[in-house]
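Right, one structure below, let's go through it.
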Amino acid sequence: MAYLELHRLRKTFGDAVAVEDFSLSVAQGEFIAFLGPSGCGKTTTLRMIAGLEQPDAGTILLNGRDITHLPPNKRNVGMVFQSYALFPNMTVAQNIGYGLRVAGKPRAEIEQRVRAMLQLIQMEGFAQRYPHQLSGGQQQRVALARALAVQPQVLLLDEPLSALDAKIRVELRQEIRRIQRETGITAIYVTHDQEEALALSDRVVVMNRGRIEQIGTPPEIYNEPATEFVARFIGHINVLPVEVADAAAGLVRLGAQSLRVEGAPLNGRAVKLGIRPELIKLGALDHHNVLQGRVVSVTYLGAVVRVHVEVEGHSVAVDMFNEHTLNLPRPGEACALSFSPRACRLL
Amino acid sequence: MARRLWTLMWGALALIYFFVPLYGTFDFSLRMQRGMLSLRAYELVLSDPRFWEGLRYSALMALVTILISALLFVPTVYWMHLRLPQARPVLEIATLLPFVVPAVVLVFGLIRTFSRPPLQLTNTPFTTDILIAAGYAVLSMPYMFRAVDVGMRAIDVRTLTEAAQMLGASRWQLLRDVIFPNVRVAVLSGALITFALVMGELVLASFLVRPALGPYMQLMGLTKAYEPAALAILSFALTWLSLGALQLLGRRTLITQMTTR
């Protein structure tokens, strides 16, 4: 039985539908990421779990208990906010201990728990500091400790790293994962950063326009996108409109050039083909699909070099590892592109 | 250089404008005894039991008014920020009414409404005090509302509320532990203006016949020469003392928040 069960949640704001038919089962100790563009309904869904928004329809069950209509302070759900939301009038220790204090816990227990939390976030020397005396990353760690101190059944994280710079973000996301693993807490993490979602979570829920597009592990989401939206939103993908030439043989046509496709039945006359740039090689290889084109541009992106090639009027991106031995084509040159039939995904 | 001279000149003019009348009043208050400067007028005022009674009464009413205003406006403005931002224009206009409706109209309204059943409040001193405190709270609305509003704008009320709720705090606990401490300085500034307003208020206390400082000062002004000047200086000093106390409290609050304990 699922630990957290969201069943057919729906939420509207006036005429605008924020979340529609959202169902999800989360196992105990699982780390789930809600991923999607701004306004896709991920934060609204998180806030419904928190009790900060009431769903128009649907139910939320936590460990078998219906919490759909419980107020936030009765749900035993912790939350970390994007803007940290530390209480400016309280020290770090007071912030962490606040949830225990309002719960009426004895002073000794609060102190012991605060010490344990400070140790968990590796900030033992900061107990008496005020929030404004901490960096953004430190404040978010304190916010995390404060949410965990009350031992919630589920931890909700609403874009907790968005306000931090890139380097701190990477460090802190590893820290969050470590703490989640150590405490074994069930966590739901809202982000619009696909790298964050893929790096952190056990499963990713990709959302668009209030609906779930796909639920899957990070490799499933990346390698087997269920929809064109997921394919385009996660990483970079070339989407080519092709015509079905021979459905039984898996043959499609891009302009005057033929391609073989594996893995999915071909239905209809026109389909869209998705190919990740890193799965395409420059040059003609045996037993591969080969397309002929002309180099348009070559762009250095650090670890990879992206080459744009025009094929039958379409721009195709090719990613190559930036090695010393890399022999790069020049814009205007004719070139061949090779990729395995298994690299093609029908969208 | 020329700009600095202009600044100095305007500064000096401002000082003269503010301090010359004050100095004149102070100087006059010292000339009660012919041919010498003395504090006789102050002695007379300070030895008058009606002064102390008025001071005590007005100070008490000021504190009660501050309490009522704070209890009324902190939750109201909090709720406006949290749930009813669209109510802001209505509240802003409503709280400006004391500037539009003169105090004398207010007091006649109060007397007409509360001097007859079913809610007769003017027949005992205690119930009249309730009425007068309520009237003072109305007069202090423009100041207290704006002071608390500015304080609430400086903090992220919604997120702090949600954070406290997620930690299990009830509405009362989050108001007491999170919201109020963070708008304390703003409430204090509203409280100071309210204090100064009530200490000098004349109309309500006169028409409701209560022993406040305002009517006493007016009476002295009608019947004496030097004592009103001494009273004006004392009242001015009182206001500045309140301001100083506010600065001290505000700074202490700030220091408490800014430094590691």
Side-chain angles (χ1 to χ4, degrees), chain A residues 43 46-47 49-53 70-105 125-134 142-143 145-152 154-158 163, chain B residues 70 74-75 77-79 81-87 147-189 191 249-261:
Chain A
T43 295
L46 193 84
R47 289 172 64 82
I49 301 169
L52 299 170
E53 300 287 355
L70 279 184
N73 57 341
K74 304 281 184 220
R75 293 193 177 204
N76 195 22
V77 170
M79 189 153 173
V80 177
F81 295 82
Q82 184 181 348
S83 59
Y84 324 132
L86 294 179
F87 306 133
N89 57 312
M90 296 184 198
T91 62
V92 165
Q94 287 166 340
N95 262 287
I96 295 173
Y98 183 69
L100 300 165
R101 184 154 75 84
V102 294
K105 300 285 181 200
F126 293 78
Q128 298 309 314
R129 298 262 182 105
Y130 280 85
H132 76 273
Q133 296 171 311
L134 306 175
V142 174
R146 183 180 67 174
L148 289 170
V150 291
Q151 294 177 303
V154 176
L155 178 66
L156 308 174
L157 302 108
D158 186 9
Chain B
V74 173
V77 178
Y78 166 70
W79 199 249
H81 274 261
L82 195 66
R83 290 270 183 268
L84 286 171
Q86 66 272 26
V148 176
D149 188 34
V150 167
M152 294 267 182
R153 279 174 198 242
I155 57 170
D156 186 351
V157 171
R158 177 180 284 269
T159 313
L160 289 180
T161 297
E162 290 176 352
Q165 280 181 313
M166 294 309 297
L167 292 167
S170 64
R171 285 254 178 241
W172 161 244
Q173 284 170 324
L174 74 90
L175 264 174
R176 183 196 62 194
D177 301 334
V178 179
I179 302 299
F180 196 78
N182 284 302
V183 294
R184 189 164 49 187
V185 176
V187 172
L188 276 172
S189 79
L249 274 169
R251 193 183 296 172
R252 194 172 292 169
T253 308
L254 205 65
I255 287 167
T256 310
Q257 286 176 13
M258 299 282 283
T259 56
T260 306
R261 264 188 281 193

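Letters go in sequence order (proteins before strands), and every chain restarts at 1.
When the side-chain hydrogen bond (donor to acceptor under 3.5 Å, both in side chains) test is applied to B/R83, no partner is found at least two apart in sequence or on another chain.
Contacts of A/L100 with chain B are absent, with no heavy-atom separation under 4.5 Å from either backbone or side chain. For chain A, the nearby part of B/R158 is the side chain; its heavy atoms alone come within less than 4.5 Å. Contacts of A/A50 with chain B are made by both backbone and side-chain atoms, with heavy-atom separations under 4.5 Å. Proximity to chain B is absent for every atom of A/R75, based on heavy atoms less than 4.5 angstrom apart.
Applying the ring-ring contact (aromatic ring centres under 6.0 Å, His included) test to pairs two or more places apart or on separate chains, those with a residue in residues 71-96 of chain A are A/F87-A/Y98.
Interface summary for chain B: among A/V150, A/V77, A/N76, the most heavy-atom pairs under 4.5 angstrom belong to A/V77. Counting heavy-atom pairs closer than 4.5 Å to chain B, the top residue among A/P72, A/P152, A/G51 is A/P72.
Between B/M166 and A/G78, the shortest heavy-atom contact is CE-C, 4.5 Å. In terms of heavy-atom proximity, B/Q173 sits nearest to A/V102 at NE2-O, 3.6 Å. Of all the heavy atoms in B/D156 and A/S83, the pair that sits closest is OD2-OG, 4.1 Å. Residues B/D177 and A/M90 share a closest heavy-atom pair of O-CE, 3.6 Å.
Taken to the nearest 0.5 Å, the CD atom of A/Q82 stands 9.5 Å off from the OG1 atom of B/T159. Residue A/N89 holds its CG atom at 9.0 Å from CD1 of B/I179, rounded to the nearest 0.5 Å. The CE atom of A/M79 sits 11.0 Å away from the CD atom of B/Q165 when rounded to the nearest 0.5 Å. A distance of 12.5 Å separates CD in B/E162 from CG in A/N73, rounded to the nearest 0.5 Å.
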